[in-house]
Amino acid sequence: MNNFEFANPVKVVFGKGTIARLSALIPAGSRVLMVYGGGSIKKNGIYDQVTNALNGFEVTEFSGIEANPHYETCMKAVDVVKKKNIDFLLAVGGGSVIDATKFIAAAYYYEGEPWDILSKGGVIKKALPLGVVLTLSATGSEMNERSVISRAETREKLNFASPLVFPQFAILDPEVTYSLPARQVANGVVDSFIHVVEQYLTYPVNAKVQDAFSEGLMKVIYEEGLKVLDNPHDYDIRANLMWAATNALNVWIGQGVPQDWSSHRMGYALTAQFGLDHAQTLAILLPGVMTYMFKEKQVKLARMGEVVFGITGGTEEERARRTITACEDFFRRMGLKTRLSECGITENDLDALAAPVDRQGWHLGEHHNIDSKVTRDILLLRL
Ligand code: NZQ
Ligand code: ZN
């Protein structure tokens, strides 16, 4: 196991009816900016629950955060924060709203051009405090220090991380996910599953705790994920998926182990240039990374196959190959596509899709050996 330092300060409030706890979680007297998306919260009762719970606070609303949130929209919110003298941000939404809120929190104090936080690793010295009411379980953003923002003007999608944007609290009420469209439910299942994979599926470093937690999470997400679309109002399924998704990326299982976020990074361009949902990019790319990096990942692929999918018999190599097929089958059973050609992407598009790897100077994968040429080769495997 590698050395690590770990702290996660997010207070989680989990369960039915917990949105009512908001008033006790936000510091008294705060001037709150309530940040949300395109309006789903007004149709499913979440808006009413939140505004009732905020009774007594001075609240300003900022709506219209897009899926894959835009830098341009976040900067409009920063103006509102300044104008209204806001001192607490409340994100009510999924990963996009939470990520936007984290960026707003950091951009407000940033000296210089806030896009540099994303494109040049600009250092965040101060951020506004924020809290979260989660409406879609997928990204783990509610309990981590990461954020992914897109710039519509240049069709770029980039991420940043800072301990200063950990939410102060996250309210997780599984019942609010009942209203999600099937596509978003499936996206959440696949995204959270792949978060575990990208922290687990590298080479063994004898990290028994991390491996056992990761294998448990993948098994839960796989088993409950296959049930949820047919049982959308089953509280236990929703609760288990929600807590699994949070644990999949609260940066706990990744401590002390090598990680491989190449499918995520390569996927940004698929979203920025072709508008694919985040999870959709991963369902296409992960089997490609597993195949291309097969030798490096064989030991853990075989182990993952046995524990998660019950794959036994045959050689280690055979079991590892069957694990790749099992993952792709799982994503397809959830209703996602697994090929670029199914999304209208052709070989002519691959150079542009690989270009951000060079532009950002990324060396992806657990061995840092995925450059833009390898990225192109992996994309080619997924046509
Ligand atoms: O905008 P509204 O109208 O609210 O609709 C949203 C949105 O259209 C809808 N929705 C959310 N909760 C709902 C609901 N509809 C009905 N009922 C509810 N309870 O769902 C749509 C998708 O929402 P979004 O927040 O975009 O989805 P998700 O949570 O999957 O977030 C995706 C974003 O998170 C980033 C992705 O790159 C992408 O930009 N990620 C963030 C990470 C992080 N911060 O750690 C890690 C992830 O790997 C990921 O990259
Ligand atoms: Zn993800």
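Both ligands and their constituent atoms are indexed starting at 1 by order of listing.
- For the pair Lys11 and Phe169, the cation-pi criterion (under 6.0 Å, within 45° of the ring axis) is not fulfilled.
- Geometric assessment of Lys76 against the ring of Phe62 yields a negative cation-pi assignment under the 6.0 Å and 45° thresholds.
- Salt bridge annotation for Glu342-Arg332: present, with a cationic side-chain nitrogen under 4.0 angstrom from a carboxylate oxygen.
- For ligand 1, the atoms sitting less than 4.0 Å from at least one non-hydrogen atom of Val176 are 19 (N), numbered in the order shown with element in parentheses.
- No option in Ile41, Asn44, Val97 other than Ile41 meets the side chain to side chain contact (heavy atoms under 4.5 Å, CB included) test with Thr135.
- At a heavy-atom cutoff of 4.0 Å, ligand 1 is contacted by the side chain of His264 but not by its backbone.
- In terms of heavy atoms, Pro69 sits closest to Ser96 at CG-O, 3.4 Å.
- Salt-bridge check for Lys373 with Asp377: passed, with a basic side-chain N closer than 4.0 Å to an acidic carboxylate O.
- In this structure, the protein non-hydrogen atom closest to atom 27 (O) of ligand 1 is Leu136 CD1, 3.3 Å.
- Taken from NZ in Lys126 to OG in Ser162, the straight-line distance is 13.5 Å, to the nearest 0.5 Å.
- For the 3.5 Å distance criterion, the side chains of Thr73 and Glu66 qualify, holding a donor opposite an acceptor.
- Residue contact check for ligand 1: Lys157 places a non-hydrogen atom closer than 4.0 Å to it.
- Among all protein heavy atoms, the one lying closest to atom 34 (O) of ligand 1 is Thr139 CG2, 3.4 Å.
- With sequence neighbours excluded, the residues satisfying salt bridge (Lys or Arg N to Asp or Glu O under 4.0 Å) with Glu224 are Lys227.
- The nearest non-hydrogen atom to atom 17 (N) of ligand 1, considering only Ala100, Ser179, Ala138, Gly39, comes from Ser179.
- Within the 4.0 Å heavy-atom criterion, the part of His278 lying near ligand 1 is the side chain and not the backbone.
- For residues 302-313, the pairs satisfying side-chain hydrogen bond (donor to acceptor under 3.5 Å, both in side chains) are Glu215-Arg303, with sequence neighbours left out.
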Working for side-chain contact (heavy atoms from CB on, under 4.5 Å), residues Ile194 and His264: CA-CA 9 Å; Ile194 295 179; His264 267 74; 4.2 Å; yes
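- In this structure, the protein non-hydrogen atom closest to atom 13 (C) of ligand 1 is Leu180 CD2, 3.3 Å.
- Summarising the geometry, atom OG1 belonging to Thr177 is positioned 9.0 Å from atom NE2 belonging to His233; distances are rounded to the nearest 0.5 Å.
- At least one protein heavy atom sits closer than 4.0 Å to atom 36 (C) of ligand 1.
- Close contacts between ligand 1 and Gly37 involve ligand atoms 1 (O) [criterion: under 4.0 Å to a heavy atom].
- Between Val148 and ligand 1, a contact under 3.5 Å exists for no N or O pair.
- At a heavy-atom cutoff of 4.0 Å, ligand 1 is contacted by the side chain of Asp99 but not by its backbone.
- Protein heavy atom closest to atom 38 (C) of ligand 1, with residue, atom name and distance, is Asn68 OD1, 3.3 Å.
- In summary, the side chains of Glu61 and Tyr36 do present a donor paired with an acceptor at a separation below 3.5 Å, with no hydrogens or angles considered.
- Set against the non-hydrogen atoms of His195, the atoms of ligand 1 under 4.0 Å away are 47 (C), 48 (O).
- Using a 4.0 angstrom heavy-atom cutoff, Gly188 does not count as in contact with ligand 1.
- By the 30° and 60° cut-offs, the orientation of the rings of Trp243 relative to Phe14 is perpendicular.
- Listed by number with element, the atoms of ligand 1 under 4.0 Å from a non-hydrogen atom of Ala67 are 26 (O).
- Remark: Arg238 CZ to Leu172 CG distance equals 13.5 Å, nearest 0.5 Å.
- The closest protein non-hydrogen atom to atom 12 (N) of ligand 1 is Thr135 OG1, 2.8 Å.
- Ligand 1 lies nowhere less than 4.0 angstrom from a heavy atom belonging to Ile41.
- The closest side-chain heavy-atom distance from His278 to Asp191 is below 4.5 Å.
- Side-chain contact check for Thr246 and Glu142: at least one donor-acceptor pair (N or O, by modelled atom type) lies under 3.5 Å.
- Per-atom contact check: atom 8 (O) of ligand 1 does not touch the protein, criterion being a heavy-atom distance below 4.0 Å.
- Polar contact check, Tyr268 against ligand 1: no nitrogen or oxygen pair lies under 3.5 Å apart.
- Remark: Leu226 pairs with Tyr222, Phe330, Arg333, Met334 by the side-chain contact (heavy atoms from CB on, under 4.5 Å) rule, at least two apart or across chains.
- Look at Arg265 and Glu198 and you find no salt bridge, because none of the NZ, NE, NH1 or NH2 atoms lies under 4.0 Å from a carboxylate O.
- Counting heavy atoms closer than 4.0 Å to ligand 1, residue Ala279 contributes nothing at all.
- Protein heavy atom in closest approach to atom 29 (O) of ligand 1: Gly95 N, 2.7 Å.
- For ligand 1, the polar-atom distance check finds an N/O of Gly38 within less than 3.5 Å of one of the ligand's N/O atoms.
- Contact annotation for Glu66 and ligand 1: no heavy atom of the residue comes within less than 4.0 Å of the ligand.
- The distance cut-off of 2.8 Å around the Zn ion (ligand 2) captures these protein N, O or S atoms, sorted by chain and number: Asp191 OD1, His195 NE2, His264 NE2, His278 NE2.
- Ion pairing between Lys125 and Glu111 fails under the 4.0 Å rule for side-chain N and carboxylate O.
- Of all the listed residues (Gly93, Ala245, Ser40), Ser40 holds the heavy atom that lies closest to atom 10 (N) of ligand 1.
- In this structure, the protein non-hydrogen atom closest to atom 45 (O) of ligand 1 is Asn144 ND2, 2.9 Å.
- Residue-level proximity to ligand 1 for Asn44 is carried by the side chain, the only part with a heavy atom below 4.0 angstrom.
- With hydrogens and angles left out, the side-chain atoms of Asp99 and Ser141 include a donor and acceptor closer than 3.5 Å.
- Nearest to atom 24 (P) of ligand 1 by heavy atom, out of Gly140, Ser192, Ser96, is Ser96.
- Annotation for ligand 1: atoms under 4.0 Å from non-hydrogen atoms of Arg146 are 44 (N), 45 (O).
- Residue Pro69 has at least one heavy-atom neighbour below 4.0 Å for each of these atoms of ligand 1: 39 (O).
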